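Both ligands and their constituent atoms are indexed starting at 1 by order of listing. These numbers were taken from a predicted model, which means no experiment stands behind them.
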Amino acid sequence: MKNIAIIGAGTMGNGIAHTFAQFNYKVSLIDISDASLEKGMNTIARNLDRMVSKEKISETDKTQTLQNITTFTSIKEGVKNANLVVEAATENAVLKAKIFKELDDVCNENTILATNTSSISITQIAAATNRADKVIGMHFMNPVPIMKLVEIIRGYNTSNEVMETIVALSKKIGKIPVEVNDYPGFVANRILMPMINESIETLYNNVAGVEEIDTVMKLGMAHPMGPLQLADFIGLDVCLSIMNVLYDGFKNPKYAPCPLLVNMVMAGKLGVKSGEGFYDYSESRKAEKVAKMFI
Ligand SMILES: NC(=O)c1ccc[n+]([C@@H]2O[C@H](COP(=O)([O-])OP(=O)(O)OC[C@H]3O[C@@H](n4cnc5c(N)ncnc54)[C@H](O)[C@@H]3O)[C@@H](O)[C@H]2O)c1
């Protein structure tokens with residue numbers, strides 16, 4: 001396995017591309033517009049610069065990593081030689097089904113199709129293809145270049161062979177894979193998102209302010225960052241769609257998204273990526289400060 005295609009150059013896609021390229025895989029990074037690709041490549045270059053300045057990698061490693069990535073606006077062109085496609089486009093079940101149908105049509109019959117979805121059923125995504133045995137969840141954590149965990153999700157029809165290949169590949173790029181079964185939210189988000197939603201509910205109920213809630217969780221539970229700041233970092237739109245997947249999937253009111261979260265997403269307050277969420281990131285330096293905490 002040498003050629004990897006990544007669909008989506010956003011928060012996760014550029015991190016996944018960065019990681020595979022750093023381990024010398026040939027990466028095709030695909031997005032819908034040149035502007036998104038340019039933004040993604042600039043983020044990768046900035047993150048590599050930070051790694052060089054912290055002496056985690058050399059200047060030569062940085063150049064080689066960037067040279068390993070080619071960008072495309074066409075899925076058909078970008079996946080031509082791919083042994084594996086990792087889809088990291090917007091969290092939307094209809095969009096993912098459309099992308100997987102196209103991938104099934106244009107990819108080589110042996111190509112494995114992985115999705116980085118945070119919560120959408122792998123089995124449902126696989127149903128859009130005629131190769132459900134080769135569809136798998138590869139759930140990287142944010143920020144991808146430094147977070148060790150990859151949740152590997154076995155869809156209803158995923159073959160053992162594909163599971164073994166993806167577990168081995170994850171280890172080759174320095175990650176620690178954990179195998180889980182395909183139920184809403186898998187493991188990570190089934191536990192994390194209700195905690196984030198509850199912290200938003202705590203704010204909504206006026207129990208305490210943003211900084212107070214985050215401070216309680218940081219100092220009291222030894223979390224590296226508070227849940228509201230983490231929500232900003234993940235993206236409030238992503239948090240909302242994951243809560244909706246849990247709510248729809250389990251039909252249990254305990255997963256109902258907090259009305260404040262719904263309102264903030266409708267108002268375009270999406271966290272770091274939009275410049276404002278529970279915290280204000282309007283000055284670019286502030287957003288950078290948050291990113292620096294990780295890479
Ligand atoms: N943000 C996180 O912390 C996080 C963590 C783990 C998993 N995820 C999952 O990763 C996926 C991507 O999330 P993100 O936070 O990177 O989102 P994002 O909004 O930052 O990026 C999504 C990218 O997908 C592109 N895109 C949309 N439609 C496309 C198409 N048809 N073809 C190609 N590109 C397309 C968009 O232009 C955008 O650049 C989602 O499924 C999300 O649930 C997110």
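Those atoms of ligand 1 that come under 4.0 Å of a heavy atom in Gly8, given as number and element, are 24 (O), 34 (N). Shown in contact with Asn142 at under 4.0 Å from a heavy atom are these atoms of ligand 1, numbered in order with element: 2 (C), 3 (O). Atoms of ligand 1 found under 4.0 Å from any heavy atom of Phe140, numbered from 1 in the order shown, are 6 (C). Close contacts of ligand 1 with His139, meaning ligand atoms under 4.0 Å from a residue heavy atom, involve 6 (C), 7 (C). Those atoms of ligand 1 that come under 4.0 Å of a heavy atom in Ile32, given as number and element, are 29 (C), 30 (C), 31 (N), 32 (N), 33 (C), 34 (N), 37 (O). Less than 4.0 angstrom separates some heavy atom of Leu95 from each of these atoms of ligand 1: 28 (N), 31 (N). Residue Ile7 approaches ligand 1 through these ligand atoms, each under 4.0 Å from one of its heavy atoms: 32 (N), 33 (C). Listed by atom number, the atoms of ligand 1 under 4.0 Å from Thr117 heavy atoms are 41 (O).
For the residue pair Ser33 and Ser36, a side-chain donor N or O sits within less than 3.5 Å of a side-chain acceptor on the partner. No side-chain N or O of Ser241 forms a donor-acceptor pair with one of Asn244 less than 3.5 Å apart. Inspection of the Asp214 and Tyr279 side chains reveals an N or O donor paired with an N or O acceptor under 3.5 Å. For the residue pair Asn68 / Gln64, a side-chain donor-acceptor distance below 3.5 Å is found, with atom types taken as modelled.
The N/O atoms of Lys96, backbone and side chain alike, include one that comes under 3.5 Å of an N/O atom in ligand 1. Among the atoms of Asn116, some N or O lies under 3.5 angstrom from an N or O of ligand 1. Ligand 1 has an N or O atom lying under 3.5 Å from an N or O atom of Met12, backbone or side chain. An N or O contact shorter than 3.5 Å links Ile234 to ligand 1 by distance.
Using a 4.0 Å heavy-atom cutoff, Met141 is absent from the residues neighbouring ligand 1. Under a 4.0 Å heavy-atom criterion, Gly235 is not in contact with ligand 1. Taking a 4.0 Å cut-off on heavy atoms, Phe233 fails to register as neighbouring ligand 1. Contact analysis leaves Lys39 out of contact with ligand 1, as no non-hydrogen atom separation drops below 4.0 angstrom.
The nearest protein heavy atom to atom 10 (O) of ligand 1 is closer than 4.0 Å.
The single protein non-hydrogen atom nearest to atom 41 (O) of ligand 1 is Glu91 OE1, 2.5 Å, given as residue, atom name and distance. What sits closest to atom 42 (C) of ligand 1 on the protein, heavy atoms only, is Ser118 OG, 3.4 Å. Atom 27 (C) of ligand 1 has its closest protein heavy atom at Thr90 OG1, 3.3 Å.
Considering CG of Leu48 and CZ of Arg46, their distance stands at 11.0 Å, rounded to 0.5 Å. The CG atom of Asn92 lies 8.0 Å from the NZ atom of Lys96; values are rounded to the nearest 0.5 Å.
Judged by the 6.0 Å distance and 45° axis criteria, Lys175 is not positioned over the aromatic ring of Phe140.
Side-chain contact between Glu87 and Phe100: present, with at least one pair of heavy atoms (C-beta onward) separated by less than 4.5 Å.
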Q. Do Asp237 and Lys273 pass the side chain to side chain contact (heavy atoms under 4.5 Å, CB included) test, and can you show the C-alpha distance, the side-chain angles, and the key distance before you say yes or no?
A. CA-CA 10 Å; Asp237 51 339; Lys273 68 180 160 193; 3.1 Å; yes

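A continuous path of Ile, Leu, Val, Met, Phe, Trp and Tyr side chains, each step under 4.5 Å between heavy atoms, connects Val238 with Leu192, placing both in one hydrophobic cluster.
In summary, the aromatic rings of Phe20 and Tyr25 are positioned with their centroids under 6.0 Å apart.
Of all the heavy atoms in Phe186 and Asn181, the pair that sits closest is CD2-O, 4.3 Å.
For the pair Arg154 and Asp182, the salt-bridge criterion is not met [side-chain N within less than 4.0 Å of a carboxylate O].
Among Asp31, Thr11, Val272, the residue whose heavy atom lies nearest to atom 38 (C) of ligand 1 is Asp31.
When non-hydrogen atoms are compared, ligand 1 lies under 4.0 Å from neither the backbone nor the side chain of Ile242.
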